[in-house]
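I have placed the structure first, in the form of structure tokens, so that the comments after it can refer back to it.
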Amino acid sequence: MADSIMSKAATMEIPINSNGDTGALPEDDSLEQAAQVQWRLDEKDLQQVMVSGPNLNETSIVSGGYGGTAEGIIPTSTIKGPAVRYNPGFLGARRIPAPGQGPNVHSSGSGSSVTAEEATRGVAVEKFDIVKKWGLNTYKCTKQMISERFGRGSRTVDLELEAQIDVLRDTKRKYENVLRLARALTNHFYSMVQTQHALGDIFADLSQKSPELRDEFGYNAETQKLLCKNGETLLGAINFFVSSINTLVNKTMEDTLMTIKMYENARLEFDAYRADLEELNMGPRDAVTLARIETAQQQYQVHKDKYERLRSDVTVKLKFLEENKVKVMHKQLLLFHNAISAYFAGNQQQLEQTLKQFNIKLKPPGSDTPSWLEEQ
């Protein structure tokens, strides 16, 4: 009797509702054909019964001790779903979600989270590699620099190029001094012109209020106004001279010096990797060392190409800078000489002709001040 009951229980499922209680059969065409059966199972006859979950996608195991009434026993052959798993040694009752169909499985959400996590991990690894390469390169360059300063390491030297670089730096220092003095001259001369303008206004006012000295005050007022006008013309020429020298020193020369700095850094890196390769070649030749030598050889070649490219760039820029410097300074020195000579000679026409020769346009007085309409 027990064997027949167990055989029936192994091939049958009992539908239950969401509360875990037995209930009526679902109204399905395949299920309506099954006979409604009621029977009582004794604890000693049935040890474990497999029952179907409420959504037919889960199974429950009810251990021995189930002594209630089971309604609507349905043959498992009529239910299309996941296979029923039977474990005779399982004690207690629990729900086993079907693979990939349980309520707590979210395949799309977990997939997107895994993709985002992998992307974040990839970015972190990439940044770590960049920092690692930078640290290794900095260590080698620092070691090479210290070795050179203490006379223990060798450095690559281009004597002709190094001499040109030293000349450029010395020329830049001297031109900076010229620029500083020219700006000081401009400031002092501007103060003098403003003083002459104020003095001319006072002389003109006194000529109106002092009848006995009207002519004398009038002559001096006209002289100061003429000097003020010529001074403003000379200021225009000096300002043009200062602007051109400033462009040459702080832009053209500075750009060349920036390229020279990059060249010197490339030279230091090249010597650092060259020394590293030489040190590896002097050591033992095993499999690990040969791999390191090959890697060092590749890095050495990369830095050698970079060094040679920047050396060529520096050579070209130094050549163009020298040509540009001669051209600019020839024009500016001629302008400065003619303007100063004409001003102190009192030759107003020559001073104005000098400005026209170099295409210098003076701003009319008060042109820098915005009109009342622009201020609104």
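Numbers here simply count residues along the sequence, with the first being 1.
- We find the CG-OG distance between Asp215 and Ser207 to be 9.0 Å, quoted to the nearest 0.5 Å.
- When all heavy atoms of Gln350 and Ala342 are compared, the pair lying nearest together is CG-CB, 3.7 Å.
- Thr289 approaches Leu280 most closely through the heavy-atom pair CG2-O, 4.3 Å.
- Side-chain contact check for Thr259 and Lys317: at least one donor-acceptor pair (N or O, by modelled atom type) lies under 3.5 Å.
- Minimum heavy-atom separation, Cys228 to His197: SG-CB, 3.6 Å.
- Separation of the Phe358 and Phe241 ring centroids does not fall under the 6.0 Å cut-off.
- Of the possible donor and acceptor atoms, one in the side chain of Thr195 sits under 3.5 Å from a partner among the backbone N and O of Ser191.
- Annotation: Arg292, atom CZ; neighbour count of heavy atoms from other residues, nucleotides and ligands within 6.0 Å does not exceed 12.
- Going from atom CG of Leu181 over to atom CD1 of Ile245 covers 12.0 Å, rounded to the nearest 0.5 Å.
- The number of heavy-atom neighbours closer than 6.0 Å to CE of Met192, taken from other residues, nucleotides and ligands shown, is above 12.
- Applying the side chain to side chain donor-acceptor pair (under 3.5 Å) rule to Gln353 yields no partners; only residues at least two apart in sequence or on another chain are considered.
- Here the closest non-hydrogen pair linking Lys225 and Ala204 is NZ-CB, 4.4 Å.
- Residue Thr138 holds its OG1 atom at 8.5 Å from CD of Glu269, rounded to the nearest 0.5 Å.
- Side-chain heavy atoms closer than 4.5 Å link hydrophobic residues (I, L, V, M, F, W, Y) into clusters, and following such links, possibly through other members, connects Leu310 to Leu318.
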Show the numbers, then the answer: is there a ring pair (Phe, Tyr, Trp, His ring centres under 6.0 Å) between Tyr273 and Tyr300? CA-CA 5 Å; Tyr273 283 92; Tyr300 165 78; 8.9 Å; no

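- Checked by atom type and distance alone, the side chain of Asp255 never pairs as donor or acceptor with a backbone atom of Lys251 at under 3.5 Å.
- If you check the side chains of Ser147 and Arg155, you find no donor sitting under 3.5 Å from an acceptor.
- Minimum heavy-atom separation, Val242 to Ala182: CG2-CB, 3.7 Å.
- Checking side-chain atoms of Asp170 against main-chain N and O of Asp166 turns up no donor-acceptor pair under 3.5 Å.
- Expressed to the nearest 0.5 Å, how far CD of Glu264 lies from CD1 of Ile260 amounts to 7.0 Å.
- Under the rule for a side chain to side chain donor-acceptor pair (under 3.5 Å), the partners of Arg183 that lie at least two apart in sequence or sit in another chain are Asn246.
- Side-chain atoms of Asn220 come within 3.5 Å of backbone N or O of Glu216 as a donor-acceptor pair.
- What you find for Ala237 and Ala339 is that their closest heavy atoms are CB-CB, 3.7 Å.
- Looking at Arg274, its side chain does come within 3.5 Å of a backbone N or O of Ser154 through a donor-acceptor pair.
- Atoms OG1 and OH, from Thr315 and Tyr263 in turn, are 7.5 Å apart once rounded to the nearest 0.5 Å.
- Heavy-atom neighbours of Lys325 NZ from other residues, nucleotides or ligands within 6.0 Å: above the threshold of 12.
- The closest donor-acceptor contact from the side chain of His303 to the backbone of Gln299 lies under 3.5 Å.
- Of the possible donor and acceptor atoms, none in the side chain of Asn230 sits under 3.5 Å from a partner among the backbone N and O of Gln348.
- With a 6.0 Å radius and a threshold of 12 heavy atoms from other residues, nucleotides or ligands, Glu323 has its CD atom above the threshold.
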